[in-house]
There are 2 protein chains.
Amino acid sequence: MTTMSDVAAAAGVSVMTVSNVLNGRPKVGPETRVRVLEAVERLGYEVNLTAKRLRSGRTGAIGLIVPRFDHPYFGELAAKLAVALTAVGRHLAVEQSNASAEGELAALSHARLATYDAVLLSVVGLHYDDVDRLRSAVPVVLLGEQDMPPRYDHIQLDNEGGAHRATAHLLERGARNLLIAAGGDEGFPSMTTARTAGWRRAQLEAGLEPRPDGVIELAAYEAAVAREAVRARLEVDPSVDGIFAITDQVAFGVMAGVRDAGLRVPQDVQVVGFDNLALGEQLAPALTTIDPTHDWVVEHAMDLLERRIAGEEFPPQHLVSPAPLVIRGSTR
Amino acid sequence: MTTMSDVAAAAGVSVMTVSNVLNGRPKVGPETRVRVLEAVERLGYEVNLTAKRLRSGRTGAIGLIVPRFDHPYFGELAAKLAVALTAVGRHLAVEQSNASAEGELAALSHARLATYDAVLLSVVGLHYDDVDRLRSAVPVVLLGEQDMPPRYDHIQLDNEGGAHRATAHLLERGARNLLIAAGGDEGFPSMTTARTAGWRRAQLEAGLEPRPDGVIELAAYEAAVAREAVRARLEVDPSVDGIFAITDQVAFGVMAGVRDAGLRVPQDVQVVGFDNLALGEQLAPALTTIDPTHDWVVEHAMDLLERRIAGEEFPPQHLVSPAPLVIRGSTR
DNA sequence: GTGAAAGCGCTAACAG
DNA sequence: CTGTTAGCGCTTTCAC
């Protein structure tokens with residue numbers, strides 16, 4: 001374990017000069033710099049990030065807290081974020097919040113958040129009050145579709161608009177008997193209510209009254225749950241010719257459920273998802289879906305983070321990303 | 001920002017006593033303890049993990065370094081690991097290594113590894129020499145199928161055996177013209193060579209000579225690549241009746257490619273994958289595959305980590321997890 | 001059972 | 001341009 005003092009001794013300078021060289025501060029003579037860098041090289045010195053943070057309050061690390069590691073949506077977002085952060089000399093560590101009931105609170109604890117220069121918090125599954133109680137020593141930017149305390153910067157998708165585009169597309173391609181595979185009304189603004197509203201509005205604008213039994217209520221947004229629900233529904237109601245699935249994972253289940261019922265996608269039933277997971281492109285047929293524009297989210301999240309880290313003061317930003325339609329084979 | 005001194009002052013004790021209470025050390029009087037805990041509660045104190053680590057060298061955090069966040073295999077492993085670590089009072093942070101060429105080295109730097117009590121390093125894509133050059137201040141346990149320096153603890157799957165079981169199953173279910181969707185021989189022991197060897201051995205044991213053109217060489221283990229390669233192959237060679245895909249992601253592409261060629265799974269071509277990704281179960285037909293037994297890996301990895309963290313000395317362990325067959329609809 | 005002193009490795013602030 | 005001093009918040013050590 002070599003320290004800065006070791007390097008300083010080896011180079012015949014003070015620790016402060018070593019620190020100045022290593023952090024690229026301007027006031028170091030060129031030959032002193034070379035001598036220090038040689039000593040660093042020779043001793044294999046690497047900075048102790050823990051000590052650096054304790055003193056300076058910075059490490060270059062950004063935290064991303066997601067509800068679960070095994071959902072591809074977060075994996076795809078995290079991958080893009082990691083690349084973008086690496087490009088600006090930072091790095092990303094991802095933590096999972098709701099591995100267990102207590103895990104949720106533990107991951108959000110002051111102490112753990114404080115290990116990062118800033119934190120991106122994905123609020124899926126968190127409630128307004130949980131987040132409102134949060135006290136963080138570092139800047140926090142919220143990501144996700146829940147209604148959240150306005151004092152935070154918050155980036156979300158155009159859920160209503162995306163669902164509207166998805167549904168309008170189904171109608172345009174000739175579907176008339178539309179279902180939505182979603183959840184029940186939770187009584188507060190959420191991804192579910194916003195996307196359901198978009199599905200409803202598109203039909204009203206086309207002069208269609210949404211079917212009263214149009215919502216297939218799913219206990220969980222998982223493929224297996226959707227698959228069984230869709231199969232059961234189609235067996236008693238074969239008139240259905242279009243289904244908007246509230247997420248791509250649900251859409252994967254919907255497509256399997258349609259097949260289980262002996263029907264074909266897209267000839268008998270057209271399907272549109274929401275999330276544009278990489279895998280949707282590889283199915284046969286490939287999934288028509290709404291793109292959550294991760295690049296857009298990453299770009300704007302990083303801008304907010306950098307400005308907050310720099311201490312810039314400005315009112316909390318509430319950004320809504322576009323959510324364009326991606327047309328593939330699951331619609332005609 | 002309240003510190004331990006603030007709490008000590010509020011409770012009328014020394015910082016040392018606060019530290020003792022908070023860390024459950026035995027030598028504190030019951031009523032002192034209550035007084036301290038009250039002060040902690042009142043002031044909303046939370047420990048500064050950075051300071052704690054600088055002094056004690058421990059934070060309770062375990063690092064998992066994966067090649068990429070957006071591969072579901074790692075997501076599923078990380079999720080299970082996070083749950084298990086939470087249960088023992090630790091927590092998991094996941095970092096991505098090869099977001100870029102330099103990212104790989106950066107993620108493995110001494111400095112970054114040192115922010116954890118121990119590190120699980122997934123070595124997919126890393127070379128023997130990269131890992132051999134690694135100097136870490138904390139225990140490192142290797143995860144993955146590459147050949148690695150024996151001085152590390154290393155957990156891998158039974159690649160050859162799993163591939164053998166997958167192939168034997170295809171033969172048992174009547175397939176006779178077998179392909180493997182894999183990569184070329186890289187000239188060193190790897191996941192590719194081990195799984196290809198298992199595929200070969202199963203055929204030899206059944207009295208079949210593996211076809212010289214039996215390996216569909218994929219430029220990358222991605223669904224899109226496999227899909228196109230399989231479609232092209234089946235169009236010139238319709239006699240194929242069984243394909244072992246080297247990973248589930250490849251298998252997803254293989255199944256789509258079979259359909260693209262106008263054939264059916266499993267009636268015309270049977271398919272077996274390797275990884276048991278959650279999604280494989282939701283396809284129609286569901287994917288027969290080899291289970292990488294994440295639970296087994298997690299259990300053994302945690303055991304090694306805890307013992308190394310505790311400073312226990314023992315020879316490097318090289319463990320091979322079972323890799324059982326999971327039979328579903330993609331085989332008859 | 002409790003506390004005082006020392007210092008983990010680094011950097012901010014300032015002196016030279 | 002370079003060095004000195006002080007101290008981030010905590011735990012280790014050892015004295016009482």
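Basis for what follows: all heavy atoms, side chains included, without hydrogens, waters or symmetry-related copies.
A/Arg25 comes within contact range of the sugar-phosphate backbone alone, with a heavy-atom separation under 4.0 Å but no base atom that close.
Geometrically, B/Arg68 does not engage B/Phe74 in a cation-pi contact, judged by NZ or CZ lying under 6.0 Å from the ring centre and within 45° of the ring axis. Cation-pi geometry between A/Arg308 and A/Phe314 is satisfied (NZ or CZ under 6.0 Å from the ring centre, within 45° of the ring normal).
The overall bend of the helix from C/dG1-D/dC16 to C/dG16-D/dC1, read as the angle between its terminal helix axes built from five base pairs each, is 30° when rounded to 10 degrees.
For the pair B/Arg112 and B/Ile65, the minimum side-chain heavy-atom distance is 4.5 Å or more. Residues B/Glu306 and B/Arg90 have side chains in contact (heavy-atom distance under 4.5 Å, counting atoms from C-beta outward). Looking at heavy atoms from C-beta onward, A/Leu305 lies in side-chain contact with A/Ile62 at the 4.5 angstrom threshold.
The phosphate of C/dG1 (OP1 or OP2) has no side-chain N or O of B/Arg33 nearer than 4.0 angstrom.
With B/Tyr152 contributing its side chain and B/Val131 its backbone, the two residues share a donor-acceptor pair below 3.5 Å. At least one donor-acceptor pair closer than 3.5 Å links the side chain of A/Glu145 to the backbone N or O of A/Leu157.
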Per-nucleotide protein contact string for nucleotides 3-10 of chain D (B base, S sugar-phosphate only, - none; heavy atom under 4.0 Å) = BB-BBBBB
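For B/His294 and B/Tyr73, the gap between ring centers is short of 6.0 Å.
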